[in-house]
Each structure stands twice: as C-alpha cells, then as structure tokens.
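These notes concern the structure reproduced below.
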Amino acid sequence: MTFRSFSRLRNHIRGACNSSPPLLGLVSSDTRRSVTYMPRPGDGAPRTVTLIPGDGIGPLVTGAVQQVMEAMHAPVDFESYDVHGDMTAVPPEVIDSIRRNKVCLKGGLATPVGGGVSSLNMQLRKELDLYASLVYCFNLPGLPTRHENVNIVVIRENTEGEYSGLEHEVVPGVVESLKVMTKFCSERIAKYAFEYAYLNNRKKVTAVHKANIMKLADGLFLESCREIATKYPGIKYNEIIVDNCCMQLVSKPEQFDVMVTPNLYGNLVANTAAGIAGGTGVMPGGNVGQDHAVFEQGASAGNVGNEKLVEQKKANPIALLLSSAMMLRHLRFPSFADRLETSVKRVIAEGRHMTKDLGGSSTTQEVVDAVVAQLH
C-alpha cells in the first residue's frame with residue numbers, strides 16, 4: 001500500500017470514528033458507520049436461545065419476535081418448549097436447555113392466585129439465580145404521555161424479600177409470611193445497580209426502601225447500598241421511602257435515573273414507571289444472573305392478557321421486540337439490536353400501526369409487518 005492510499009484510508013477511518021451518533025437511535029443519512037464493537041473470533045457464530053412461548057398472548061408476541069428475527073436474518077436459533085403457568089414445576093428439560101444455552105426468551109406465564117400453587121416465574125429465577133430484574137421505562141417519540149423526559153431503569157432484587165415464599169398458617173385464621181433479607185443479596189443487587197449506572201453513563205442511583213418501618217430488613221438493604229455507593233464516587237446516590245417514591249413517580253418522574261429496590265417494591269415501582277412512560281406493552285426488560293439471562297416483557301411480565309385479546313390477535317408485541325433487542329446486545333450482536341430498535345421506534349413514531357393499548361386498532365401481525373418493512 002502506498003503512503004497516499006494509506007493516508008486516505010486513515011482519514012476515512014478517522015471520519016467514521018468521529019461521526020456523531022444518530023439522534024434517538026434513528027439511522028443517519030450519513031453512510032459512514034462508527035466503530036462501536038470489535039468482535040472476538042467466533043462472536044458471529046449463531047446462538048441457540050431457549051424459547052418459552054407461555055400462556056395467553058405469549059405465543060402471539062413470541063411468534064412476532066421469531067418473524068422479525070427471521071426477516072432480519074439474525075444469527076439466533078430458537079429451541080422452543082411448551083410451558084404453562086398451571087404446571088406444578090418447570091420441566092427439568094427446560095432448565096437444562098437454559099443452562100446449556102445461557103439465554104432464554106419467554107412470554108408471560110400465568111400465575112394462579114391463591115391455592116398454594118407456586119409461580120413458575122419465581123421458580124425460574126431461583127433455580128437459575130437470576131438475581132437482578134431490569135425494566136427500562138422511557139418515552140417513545142410518537143407515543144403521547146402525560147410526562148416527558150422519562151428515562152428510568154428499575155433494578156430489582158429478584159430472589160428474596162417478600163417473594164421468598166415462606167408462609168404457613170400458625171393457627172386457623174392466622175397466616176405468617178416471612179420477609180427474608182440478606183447482606184449478600186442486598187450487596188449483590190446494589191453492586192449490579194452501580195455497575196449498570198457506571199457502564200451506561202448514568203448519573204444517579206436511588207435506593208427505594210421502607211426502613212422507617214422495617215428497620216432491620218430494609219435497614220440492612222440501605223446499609224448495603226450505602227457501602228457500595230462509596231465505591232462509586234462519580235455516581236450520585238440518594239434514598240427514598242417507597243410510598244413517597246410512588247407519589248414522586250407520578251408527579252415528577254424525570255428526577256429518577258437508576259432505581260435499585262428490594263423485590264416487592266421493585267415490582268410496584270417498575271409497573272408504575274412503565275405506566276407513566278407509555279404502558280406495560282412497550283417497556284422491555286429481563287432477568288439476569290452470573291451465568292444466565294431470561295428476557296421478557298419488562299413490566300407485568302406475568303400478565304398474559306385476556307381471552308378477547310388473544311382471539312382477536314391484537315396483543316402488543318413492542319415490549320417483547322425491544323426485550324429481544326436487549327437480548328441481541330447481550331449475545332454480542334449489537335448491529336442487529338440497533339436495527340431492530342430503530343425499526344420499532346420508527347413504527348411508533350409514524351403512529352399508523354398501533355395496537356388498542358396505544359390508541360390504535362392494529363393486530364399483532366400488522367405491527368410485525370410494519371416493523372419488518374422498516375428493517376428494509
């Protein structure tokens with residue numbers, strides 16, 4: 001290579017690296033691409049992902065993801081298993097599949113109310129030690145909401161607290177339910193929240209608690225958060241009582257950035273934040289541990305819709321499509337994740353293909369077709 005041709009190549013690379021990222025994730029008219037990811041040898045090999053279609057609208061929305069993945073030729077193969085919320089336990093072959101593949105995409109699993117039937121969602125989280133639940137709540141351009149500038153990540157401890165499942169009837173008519181909090185799990189989720197904030201250029205972490213009443217249990221959680229916060233001096237840390245948190249969320253949600261919570265509070269806070277930002281049908285999320293990750297609809301993951309929605313085939317696939325983009329990024333396929341997110345945002349921004357929960361009348365398939373059209 002001559003010196004002149006080398007200079008032209010160097011200048012071209014500099015121009016690509018220095019180009020500004022497109023606004024709101026939309027594709028720029030500039031054909032130059034930023035160097036965003038340097039794959040390791042073998043990173044481009046197709047990955048097998050365990051798929052659990054689930055109950056209610058689950059097969060509809062997971063089917064939507066499969067169609068979009070196929071249309072964009074994503075390097076992902078699905079290994080599907082028939083699991084339903086009324087089963088007594090998650091079949092061993094499903095657990096083995098997730099352990100082998102490391103990653104799972106799932107629709108909602110119905111959780112029976114009362115009757116002593118254990119939640120399969122909780123079984124999965126405990127069996128695979130998926131200790132961190134992450135729900136991303138943000139405004140989507142084109143989707144009108146009461147509040148603007150909402151950009152909240154709710155990180156919830158996923159394995160203990162009120163969800164420990166330790167209940168018994170002391171005497172007839174008196175039930176005791178135990179809330180278990182440990183230093184290990186509290187520190188672990190706090191560290192995850194601060195690491196997430198640090199790696200994603202977030203400025204503030206807010207710990208949500210009720211330590212004014214549960215002084216020992218939530219006090220332990222707060223103590224752990226404070227200790228971890230000292231190791232991240234560049235990130236602002238504050239605390240808020242959960243009831244005040246809910247009020248602040250519905251009045252000034254833009255004040256929150258990353259929120260770290262014990263198990264039960266996180267469920268409430270994430271669903272509230274999702275409702276503020278546009279509804280549970282558009283908010284992505286997932287559950288992650290040291291070795292495994294399960295991606296699903298971010299808020300109300302156990303909500304499987306009503307029968308009418310299933311019959312009319314009008315379930316909203318946006319949340320799971322965005323969750324699958326998170327999954328692609330987790331699998332080290334960032335360009336596919338960017339394409340998918342961009343296409344979904346364009347469909348929402350145009351506003352012509354919206355399901356009933358977003359003010360439209362489109363079917364699931366019509367939304368999928370619109371997303372696929374944007375891919376091209």
Return yes if some donor-acceptor pair links the side-chain N/O of N316 with the main-chain N/O of V282 below 3.5 Å, else return no. no
Side-chain donor/acceptor of S186 to backbone N/O of K183, under 3.5 Å: no
Of R100, K102, R47, the residue whose pairing with E79 passes salt bridge (charged side-chain N to carboxylate O under 4.0 Å, His left out): R100
Drop me the distance from F256's CZ to L249's CG, to the nearest 0.5 angstrom. 5.0 Å
Quick one: CG on D129 to CD on Q290, what's the gap to the nearest 0.5 Å? 8.5 Å
Could you go step by step and tell me if E160 and T182 meet the side chain to side chain contact (heavy atoms under 4.5 Å, CB included) rule? CA-CA 8 Å; E160 56 176 20; T182 65; 3.0 Å; yes
For residues R40 and R332, determine if any side-chain heavy atom of one lies less than 4.5 Å from a side-chain heavy atom of the other. yes
Hey, does the side chain of D257 reach the backbone of V205 with a donor-acceptor pair shorter than 3.5 angstrom? no
Same cluster or not: are Y198 and I189 linked, directly or through other Ile, Leu, Val, Met, Phe, Trp or Tyr residues, by side-chain heavy atoms under 4.5 angstrom apart? yes
Same apolar cluster: L322 and F78, side chain cutoff 4.5 Å: yes
Is there a path of hydrophobic side-chain contacts, each under 4.5 Å between heavy atoms of I, L, V, M, F, W or Y residues, that connects L321 with L60? no
Take atom CD in E307; do more than 12 heavy atoms of anything else shown fall under 6.0 Å from it? no
Is it the case that the side chains of N158 and S133 hold a donor-acceptor pair, with the cut-off being a distance below 3.5 Å and no angle test? no
Can K106 and N121 be counted as having a side-chain donor-acceptor contact under 3.5 angstrom? yes
Check whether K215 reaches the backbone of N212 with its side chain - one donor and one acceptor, N or O, closer than 3.5 Å. yes
Does any part of the side chain of T272, heavy atoms only, come nearer than 4.5 Å to the side chain of I276, both counted from C-beta? yes
Decide yes or no for L120 and Q123: does some side-chain heavy atom of the first lie under 4.5 Å from some side-chain heavy atom of the second? yes
Verify same cluster id: V150, V250 (apolar side-chain graph, 4.5 Å): yes
Is there a side chain to side chain donor-acceptor pair (under 3.5 Å) between D82 and H84? Walk through the geometry before answering. CA-CA 7 Å; D82 199 24; H84 300 284; 2.9 Å; yes
Hey, does I348 have a side-chain heavy atom less than 4.5 Å from the side chain of L358? yes
Crowded around K356 NZ? As in, over 12 foreign heavy atoms under 6.0 Å? no
For the CD atom of E239 and the CG atom of L222, what is their distance to the nearest 0.5 Å? 4.5 Å
From CA spacing to verdict: side chain to side chain contact (heavy atoms under 4.5 Å, CB included), I98, L124: CA-CA 10 Å; I98 300 174; L124 274 175; 3.9 Å; yes
Got more than 12 heavy atoms from elsewhere within 6.0 Å of CG, L199? yes
Is the backbone of D369 close enough, under 3.5 Å, to the side chain of Q67 for a donor and an acceptor to pair up by distance? no
Quick one: OH on Y136 to CE on M326, what's the gap to the nearest 0.5 Å? 9.5 Å
Over 12 foreign heavy atoms within 6.0 Å of NZ, K191: no
In terms of heavy-atom contacts, V208 and P262 come closest through O-CD, 3.1 Å
Quick check: do R99 and D291 have side-chain heavy atoms less than 4.5 Å from each other? no
A319 backbone acceptor or donor facing S323 side chain under 3.5 Å: yes
Determine, for D357 against K314, whether the closest basic-nitrogen to carboxylate-oxygen distance falls under 4.0 angstrom. no
Please determine whether side chain to side chain donor-acceptor pair (under 3.5 Å) holds for the pair E296 and N287, giving the CA-CA distance in whole Å, both sets of side-chain angles, and the decisive distance to 0.1 Å. CA-CA 8 Å; E296 57 189 347; N287 306 279; 2.6 Å; yes
Quick one, H292 and L130 - any side-chain contact, counting heavy atoms below 4.5 Å? yes
State yes or no: do M259 and I241 share one hydrophobic cluster built from I, L, V, M, F, W and Y residues joined by side-chain heavy-atom distances below 4.5 Å, directly or via other members? no
Could you walk me through whether F336 and L331 pass the side chain to side chain contact (heavy atoms under 4.5 Å, CB included) test, one step at a time? CA-CA 10 Å; F336 287 94; L331 290 170; over 6 Å; no
Verify the neighbour count for atom NZ of K204: are there more than 12 heavy atoms of other residues, nucleotides or ligands below 6.0 Å? yes
With a sphere of 6.0 Å drawn around OH of Y232, does it hold more than 12 non-hydrogen atoms of other residues, nucleotides or ligands? yes
When you measure from the side chain of R156 to the backbone N and O of N263, does any donor-acceptor pair fall under 3.5 Å? yes
Determine whether a donor-acceptor pair (N or O, by modelled atom type, separation under 3.5 Å) exists between the side chain of E350 and the backbone of H353. no
Should we say atom CD of E148 is surrounded by more than 12 heavy atoms from elsewhere, each under 6.0 Å from it? no
Between R329 and E341 (salt bridge meaning N to carboxylate O under 4.0 Å), is one present in this structure? yes
Restricting to non-hydrogen atoms, name the atom on L375 and the atom on S343 that form the minimum distance, rounded to 0.1 Å. CD2-OG, 3.2 Å
Output for pair (E195 CD, K231 NZ), nearest 0.5 Å, gives 10.5 Å
Q312 vs T363, side chain to side chain contact (heavy atoms under 4.5 Å, CB included): CA-CA, chis, key distance, verdict: CA-CA 8 Å; Q312 296 177 345; T363 63; over 6 Å; no
N238 and T206: side-chain donor and acceptor closer than 3.5 Å? yes
Between the side chain of D55 and the main-chain N/O of G85, is any donor-acceptor distance below 3.5 Å? yes
Do the side-chain N and O atoms of N271 and N267 include a donor-acceptor pair separated by under 3.5 angstrom? yes
When you measure from the side chain of T48 to the backbone N and O of N101, does any donor-acceptor pair fall under 3.5 Å? no
Which atom pair, heavy atoms only, marks the closest approach of L320 to Q297? CD1-N, 3.6 Å
Answer yes or no: are there more than 12 heavy-atom neighbours, outside Q255 itself, under 6.0 Å from its atom CD? yes
About how many Å separate CG of L328 and CG of L105, when rounded to the nearest 0.5 Å? 9.5 Å
Minimum-distance pair of heavy atoms, taken over all atoms of V367 and P317: CG1-CG, 3.8 Å
Y237 and F194 aromatic ring geometry - parallel, tilted or perpendicular at 30°/60° bounds: tilted
Exercise: identify the closest heavy-atom pair between P253 and S251: CD-C, 3.6 Å
Taking side chain as C-beta onward, heavy atoms only, is P91 less than 4.5 Å from Y81? no
Side-chain heavy-atom pair E162, Y265 within 4.5 angstrom cut-off: yes
Closest non-hydrogen atom pair, A274 against M283: CB-CG, 3.6 Å
